[in-house]
Amino acid sequence: MYSLPTRRYGIIQELPGFPAPAQKKRRWDMVKRIEGEFDYIVVGAGTAGCVTANRLTEGSKHRVLLLEAGGRDNWIWFHIPVGYLFAIGNPRADWLFKTEAEPGLNGRALNYPRGKVIGGCSAINGMISMRGQAADYDHWRQLGLTGWGWDDVLPEFKRLEDHFLGATEHHATGGGWRIEQQRLAWTILDAIRNAAVEMNIPRSDDFNTGDNEGVGYFHVNQKRGRRWSAARGFLKPALNRPNLRLETDVLVDRLVIENGRAVGVRFSRGGEVFEARTKGEMILCSGAVGSPAILQRSGVGPADWLSAMGIDVVADRPGVGRNLQDHLQQRAIYKVSGVKTLNETYASLIGRGLMGAEYLLRRRGPMTMAPSQLGIFTRSDPKRERANIQFHVQPLSLEKFGDPLHRFPAVTVSACNLQPTSRGTIRLRTTAPDAAPVIAPNYLGTDEDRQVAADAIRVTRRLMKQNALAPYHPDEYLPGLSVGDDDASLAKAAGDIGTTIFHPVGTTKMGLSSDPTAVVDERLRLYGVEGLRVVDASVMPTITSGNTNTPTAMIASKASAMILADAR
């Protein structure tokens, strides 16, 4: 008899083992089974997994096992909003992935942060509450995906929310997803907002009504100055339910698939290998990087990729790991004068002390900052039917994420393409479950994306030349005045200063059975394997026009309702 060190203990039985690479130290010669069967096993306790586990255990009918590779969120920087500065790049909180060298980025490779803790990316992200545009979801419906239009998903968005605006046509209260206004103000950001209005961009008090074109301050997932992650909002309220079991610090190797049906999962912890079984469904919630990697290790994916890795093909699904989409931002930086920014405040010991005191006493100020405070949604050129670029504006600057802030006062005005046409891939590097996959986003891989990037820099330059900013003398630091205004120069500059805004989606896309690259159907059931669904950002057929965390929560909420309905 064996016990799994956990909050709740289970009885384990020995099972026949299976061979493993000789270099691995785990005891693959003996697999231990958690006694009993679960109605559902959810793999991944990020945003999608937290919402799914909450919904599936709301009654006492279904027994759910939730597996998470990361640990508990018992670190102060998971809760103080500015803690993302310390969490991203820290192995305690981040998978520390990197992309391959990207041709579109002039040979640069990018860090690719993904949350490694309960709550997943919602524990380390920018906290921006953003649904995207109604047209995003109506496009999904036009692809034949019944039930995924804007009018279909709006009730799920509202069901999630506990919104500071109260119960309105667009928002609701009482849900687990707390949304508030930001608790700080910067004169330079007000001036940039006014500059956008001078360019005929309308002011917006709410980007989440279906049309986000406009300029305004982002609403954030916080509660009284503290980060409000999916773990706080959805998982922790469910942990006292007797039908939910959470296992942390476990590394999932593969799904157990027998006779074309997913019946369980194998994972390791502390050098030992375990197996858990379900009599209902396996639900993958491991994200746009993790879910395709687990499927590929399980023999589900492009047959040529799997055969090259020596993996037996269970289901030839060419779309697993393809269709990767992300938002690439061009980080323009402008020096300013005659106005305060965080750069010089943070450089001062007194300034840092005052920031800390303001947070401790009032839960306000720079320590409550989301990475970006002001948002602008507009069009890269007037021919566009809807807003296709998003600005994240910050009262600070640095050479690259992880570097110290500049010593001079400056702002960052980052523009990203909301509807990129480039598509990348996620595929296994080795069959070892702890090996980072090959991440190749293919940024700026199409002529259209390069044109949008060039036009976005032009829009940025026009914004910073408006009369509202004249008192602060903006001086272009990046990409720099040496970069010309022709398409070729601006596209190259975009490759030099472009970086991910951490929104990977699409790698197990939802689609019709007639689409050979579709991985799941409109109810998120995997084609070719019964008893298996994917419920996370990887199912998006096309990326939403804005930050992707809230849409991921919506997908999980809607999927949970489908799962429960199908179980009746």
Side-chain angles (χ1 to χ4, degrees), residues 44-50 67-99 108-128 220-222 225-232 235-236 246-252 268-270 285-290 293 326 329 331 342 346 352 355-356 359 366-372 392 394 396-406 412 429 432-437 439 499-504 537 547-549 552:
T47 295
C50 288
L67 302 176
E68 168 55 37
R72 300 289 185 127
D73 58 348
N74 53 358
W75 185 36
I76 190 172
W77 295 119
F78 288 134
H79 305 290
I80 296 177
V82 79
Y84 65 87
L85 290 170
F86 307 99
I88 292 177
N90 187 316
R92 177 174 184 170
D94 183 0
W95 281 98
L96 304 179
F97 293 139
K98 291 183 73 74
T99 71
R108 292 186 299 127
L110 300 180
N111 293 330
Y112 215 65
R114 296 283 88 197
K116 188 180 180 183
V117 60
I118 60 170
C121 290
S122 73
I124 67 172
N125 70 0
M127 297 164 283
I128 293 172
V220 291
N221 294 121
Q222 293 183 12
R226 297 190 72 200
R227 175 188 290 272
W228 194 260
S229 70
R232 275 188 86 185
L235 179 57
K236 291 182 179 180
L246 169 67
E247 298 291 349
T248 59
D249 302 297
V250 300
L251 186 62
V252 168
S268 64
R269 182 163 67 188
C285 296
S286 296
V289 176
D326 191 11
Q329 61 175 341
R331 291 183 59 255
L342 187 62
Y346 188 78
R352 272 181 272 178
M355 285 165 47
Y359 185 76
M367 291 190 71
T368 70
M369 278 177 58
S372 303
H392 291 79
Q394 308 161 331
L396 55 86
S397 66
L398 64 168
E399 289 300 313
K400 65 179 185 300
F401 199 89
D403 284 1
L405 299 181
H406 289 135
T412 300
R429 191 178 304 275
D434 56 355
I439 302 172
T499 187
T500 176
I501 207 160
F502 318 134
H503 297 162
N547 308 73
T548 54
N549 192 232
T552 300

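Values below: every heavy atom of this structure, side chains too, minus hydrogens, waters and symmetry copies.
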Contact between Y84 and P113 at the side-chain level, heavy atoms closer than 4.5 Å - yes or no?
no

Distance (rounded to the nearest 0.5 Å) between L85 CG and I80 CD1
11.5 Å

Return the minimal non-hydrogen interatomic distance between V220 and A370, and the atom names on each side.
CG1-CB, 4.1 Å

To the nearest 0.5 Å, what is the distance between OG (S229) and NE2 (H79)?
7.0 Å

Working for side-chain contact (heavy atoms from CB on, under 4.5 Å), residues K236 and I118:
CA-CA 10 Å; K236 291 182 179 180; I118 60 170; 4.2 Å; yes

Minimal heavy-atom distance between I124 and R114, with the atoms involved, is CD1-C, 4.0 Å

Pair Q394-S372, side-chain donor/acceptor within less than 3.5 Å:
yes

Set of residues satisfying side chain to side chain donor-acceptor pair (under 3.5 Å) with respect to N221, sequence neighbours excluded:
none

Would you compute the distance between atom CZ of R108 and atom OG1 of T99 and round it to the nearest 0.5 angstrom?
9.0 Å

With rounding to the nearest 0.5 Å, note down the distance linking CG in L110 to CZ in F97.
15.0 Å

For the pair F78 and W75, name the ring-plane relationship: parallel under 30°, tilted 30 to 60°, perpendicular over 60°.
perpendicular

Can you tell me how far CZ of F502 sits from CG of D326, rounded to the nearest 0.5 angstrom?
9.0 Å

Donor-acceptor contact present, side-chain R227 to main-chain W77, <3.5 Å:
no

Set out, in order, the CA-CA distance, both residues' side-chain angles and the distance that settles side-chain contact (heavy atoms from CB on, under 4.5 Å) for H503 and T552, then state yes or no.
CA-CA 10 Å; H503 297 162; T552 300; over 6 Å; no

Output for pair (L251 CG, L67 CG), nearest 0.5 Å, gives 11.0 Å

If only atom types and distance count, is the side chain of R232 paired as donor or acceptor with the main-chain N or O of A123 below 3.5 Å?
no

Counting only N and O atoms by type, is there a donor-acceptor contact under 3.5 Å from the side chain of Q222 to the main-chain atoms of T368?
yes

Minimal heavy-atom distance between K116 and E68, with the atoms involved, is C-OE2, 4.1 Å

Please examine the side chains of Y359 and V82, heavy atoms only from C-beta on, and report whether any two atoms are closer than 4.5 Å.
no

Candidate pair T499 and Q329, rule side-chain contact (heavy atoms from CB on, under 4.5 Å), full reasoning
CA-CA 5 Å; T499 187; Q329 61 175 341; 3.4 Å; yes

Report the C-alpha distance between H392 and I501 in whole Å, list the side-chain angles of each, state the deciding distance to 0.1 Å, and finish with yes or no for side-chain contact (heavy atoms from CB on, under 4.5 Å).
CA-CA 10 Å; H392 291 79; I501 207 160; 3.1 Å; yes

Identify the two heavy atoms, one from M127 and one from P371, that lie closest to each other, and give their separation to 0.1 Å.
CE-CD, 4.3 Å

D94 side chain to G115 backbone, donor-acceptor under 3.5 Å
no

Using a cut-off of 6.0 Å, state whether more than 12 heavy atoms not belonging to F86 lie near its atom CZ.
yes

Side-chain donor or acceptor of R92 paired with backbone N/O of G70 under 3.5 Å
no

Grab the two heavy atoms, one from G225 and one from P81, that are nearest each other, plus how far apart they are.
O-CD, 3.2 Å

Looking at every non-hydrogen atom in both residues, tell me the closest pair between A537 and P504 and how far apart they are.
CB-O, 4.0 Å

Between the side chains of S122 and N549, is a donor N or O closer than 3.5 angstrom to an acceptor N or O?
no

Any side-chain heavy-atom pair of V289 and P437 under 4.5 Å:
yes

